[in-house]
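For reference, the structure is listed below as structure tokens.
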Amino acid sequence: MGLAGKSIFDKIWELHTLYEKEDGETLIYVDRHLTHEVTSYMAFEGLREKNRRVRRPDLTFAVMDHNVPTTDRLKPIRDELSAKQIAALEKNAKDFKLTLFDLYSPYQGIVHVIGPELGLTIPGITLVCGDSHTSTHGALGALAFGIGTSEGEHVLATQTLWLRKPRKMLINLEGKLPENVTAKDVILWVIRNIGTGGGIGHVIEYDGPVVREMNVEERMTLCNMAIEGGARTAIISPDEKVFNYVRGRPYAPSDDEWSQALEYWRSIVSDLDADYHKTIRFHLDKLEPQVTWGTNPAMTVGVTEEIPDPGEFDDPGEKQAAERALKYMGLNPGTKITDINVDVVFIGSCTNGRLTDLVDAARVVLGRKVAHNVRALVVPGSQLVKRSAERLGLHRIFIDAGFEWRNPGCSMCIAMNEDRLRPGDRCASTSNRNFENRQGPGGRTHLVSPLMAAAAAVYGRFIDIRELDLPSREEVLEHAGAY
Amino acid sequence: MPEPIRVIEGKAVPLKLENVDTDQIIPADFLKILGKKGLGRYCFYRWRYNEDGSLRGDFILNNPRYRDASIIIAGKNFGIGSSRENAVWALQDFGIKCVIAPSFGDIFYVNSMKNMLLCIKLPEEQVKMLQELAEKEDLILRIDLEESTIKFRDRILSFAIDKAVRERFLQGLDEIEITLKHIEKIKKYEESMPSFMIPNPRRFITD
């Protein structure tokens, strides 16, 4: 192992190691700390109790996203508890001198959307956030960990974190994705294969032609859901696409610093002879759109498949879980995916709430209407995403088709605000978790790509998106501009 | 500073489910509550209560036999999903002191350790054996952290646990204080940070 090259994870880890204990616990410096209203409150309370301050307010950024209303921002927040939590973050940001993107900021949005979009996330840094989907930032070549509140308090006070070095898993995505099969289908396929616990204790590195072909936003979708496979985080070696993405963003390195930044970023990519504890290859030439049928993201089938029969699972634990999931989901074994009707469609979240995702959804929605019995929402991931979409004219495509066009936030992915399913509602959702009650008590979630969700909105049931003749991304933008 | 813990003794409840995610341990609605106290009421809320607020008879933690249980014996991948530390606070406020399972979600495991909720990983066969015993009759476990053993009836199981985790429980350390002993190393790193790594607002996005 000693002579092998290093992976991007090894390199960033070593450069940020301040101290390693004999038992392997390692003190890691944290270059960025992103925080939001829901998981930060007790961390700030902890600091107050001990009379501690935030060590590096300039490396710490706060945003309101999890429980914010997505309706008119000028109206008072009706939910008293949410209003209090939001006010608490405002006070904490003020008391501890942190930059806050509040409800009225043009930079407000879901923490994992705004980090990369504002240039807060750059390659080669360590980044943490009190949210499990922090792995998203790995798409730019940052080493990003989702942490708890106690760890958050520790980072606020010391700008460091004690971590045990995770094992390395390389996932090579080979071949070429068929048309209209997307990053979301790939990650659902990966989780379906490795299972919800397959990545526990590991950092996943993605590589291969399919990754290189993807744009940076698509890579974010891929990294975002690594946690649903149990992984500690995910990372991708940055390339020219990433450097071009970062350049010119508000907090990104300036032109004077650019060459120095590039030199560093190029130095941290994985060596060709890097070694891994585990390597998995997936050939994706024939991948079809994926749809979850159960109550965790590994319970997934292809769009042409049927709801599985619990009787056919060998493992008694899996069999029991499948029976329970089908009961919760109100589904019978053998049902075709394309025979499942939906009541609600949610397009948004840190998984699929970026401009690429909205453009994809618009490719389906253009010239079509939302089915009469379906409620459909588009919740852009950030104010910048929303504004870009509006400047391109995409919002009109959605509104004319009968979608609700909302303000940014986590919304129906976590259902902490008023956007939630009613008991029994079946939802095609571009979010990341189909856990019981996740989108509202009794709600039934099917995770899909933005293309598949948009098609479900139009047809009132799942359809195989490959059967539609869709305009390209460029064509839909042309249409939108001329609207 | 947390109180040191050397021994946990209590009744075990078998939760024979795999992939129990933190959304189930505490639903997102209750993450709006500021503070840790009283969260036990919302622990496994949607599994414990019907929509009308009545108790659900089909959930094992509602069984009077296990009402005083303080040790959960669960299936693999306990605590996967969301990073919400409220899941740990809710379990503790509900009276849980230890969870035994074949594997845990990484973030949940760390969160538990920071709050002195003990998570013990045991091989699947041993977990199943304990679940079955606890199902048949009252099972009282005595967990000794110094010895890394679980004693019950006339039997002893030993378990592996990180030295750092064990020390933390045995000594009840304030981690921030320990870290600040390394302050010189922190400062040295900060001095060497190139300017491009610092996220200064360098430009605006203009239409």
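Proteins come first, then strands; the chains are lettered A, B, ... in the order of their sequence lines, and each starts at number 1. Predicted, not measured: the structure shown is a model, and the values here were computed from it.
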Name the member of [options] that forms the most heavy-atom pairs with chain B at distances under 4.5 Å.
options: A/G440, A/G248, A/G230; answer: A/G248
options: A/M42, A/Q159, A/K21, A/E22; answer: A/M42
options: A/G197, A/A157, A/G195, A/S254; answer: A/S254
options: A/E37, A/E318, A/E151; answer: A/E151
options: A/R32, A/E25, A/Q260, A/K84; answer: A/R32
options: A/G201, A/G152, A/G124; answer: A/G201

Any salt bridge between [X] and [Y], counting N to O under 4.0 Å?
X: B/K163; Y: A/D23; value: no
X: A/K50; Y: B/E177; value: no
X: B/D21; Y: A/R438; value: no

Has the side chain of [X] got a donor or acceptor atom that lies under 3.5 Å from a matching backbone atom of [Y]?
X: B/R46; Y: A/P441; value: no
X: A/E257; Y: B/M197; value: no
X: B/R202; Y: A/P250; value: no

Heavy atoms, side chains only, cut-off 4.5 Å: are [X] and [Y] in contact?
X: B/I183; Y: A/R55; result: yes
X: A/I147; Y: B/K114; result: no
X: B/R84; Y: A/T149; result: no

Which atom names give the shortest non-hydrogen contact between [X] and [Y], and what distance separates them?
X: A/A88; Y: B/L34; value: CB-CD1, 4.5 Å
X: A/S132; Y: B/G81; value: CB-O, 3.6 Å
X: A/M416; Y: B/A28; value: CE-O, 3.4 Å
X: A/F61; Y: B/P199; value: CE1-CG, 3.6 Å

[X], [atom1]: over 12 other non-hydrogen atoms inside 6.0 angstrom:
X: B/R65; atom1: CZ; answer: yes
X: B/R203; atom1: CZ; answer: yes
X: B/D52; atom1: CG; answer: yes
X: B/K97; atom1: NZ; answer: no

Given a strict heavy-atom distance threshold of 4.5 Å, which part of B/F104 is in contact with chain A: side chain, backbone, both, or neither? backbone
Please flag which part of B/P27 lies under 4.5 Å from any non-hydrogen atom of chain A: side chain, backbone, both or neither. neither
Part of [X] within contact of chain B (heavy atom distance under 4.5 Å):
X: A/L384; value: side chain
X: A/I227; value: side chain
X: A/A252; value: both
X: A/Q85; value: both
X: A/Y41; value: side chain
X: A/A321; value: neither
X: A/Y107; value: side chain
X: A/I122; value: side chain
X: A/D79; value: side chain
X: A/E153; value: both
X: A/Q320; value: side chain
X: A/P297; value: neither

Could you go through B/D162 and A/R164, starting from their C-alpha distance and side-chain angles, then the distance that decides it, and tell me whether this counts as side chain to side chain contact (heavy atoms under 4.5 Å, CB included)? CA-CA 10 Å; B/D162 268 0; A/R164 199 161 277 281; 2.8 Å; yes
Approximate separation, where rounding is to 0.5 Å, of [X] [atom1] and [Y] [atom2]:
X: B/K185; Y: A/Y29; atom1: NZ; atom2: OH; result: 15.0 Å
X: A/H154; Y: B/E175; atom1: NE2; atom2: CD; result: 4.5 Å
X: A/R52; Y: B/I176; atom1: CZ; atom2: CD1; result: 4.5 Å
X: B/S82; Y: A/R433; atom1: OG; atom2: CZ; result: 5.5 Å
X: A/T160; Y: B/I186; atom1: OG1; atom2: CD1; result: 4.5 Å
X: B/N19; Y: A/M299; atom1: CG; atom2: CE; result: 7.0 Å

Does NZ or CZ of A/R324 lie under 6.0 Å from the centre of the six-membered ring of B/W47, at an angle within 45° of the ring axis? yes
Heavy-atom pairs under 4.5 Å with chain A are the metric here; pick the option from [options] that has the most.
options: B/I107, B/N111, B/T179; value: B/T179
options: B/Y109, B/W89, B/F108; value: B/W89
options: B/K16, B/K32, B/K76; value: B/K32
options: B/I198, B/T22, B/I80, B/D29; value: B/D29
options: B/G75, B/S195, B/S192; value: B/S195

From the list A/L27, A/D31, A/T17, side-chain contact (heavy atoms from CB on, under 4.5 Å) partner of B/Y189 resolves to A/D31
With under 30° as parallel and over 60° as perpendicular, where do the rings of A/W265 and B/F196 fit, or are they tilted in between? perpendicular
Short side-chain donor-acceptor distance under 3.5 Å, B/E85 and A/S150: yes
Does A/T158 form a side chain to side chain contact (heavy atoms under 4.5 Å, CB included) with B/L180? I'd like the steps, not just the answer. CA-CA 7 Å; A/T158 69; B/L180 290 175; 3.9 Å; yes
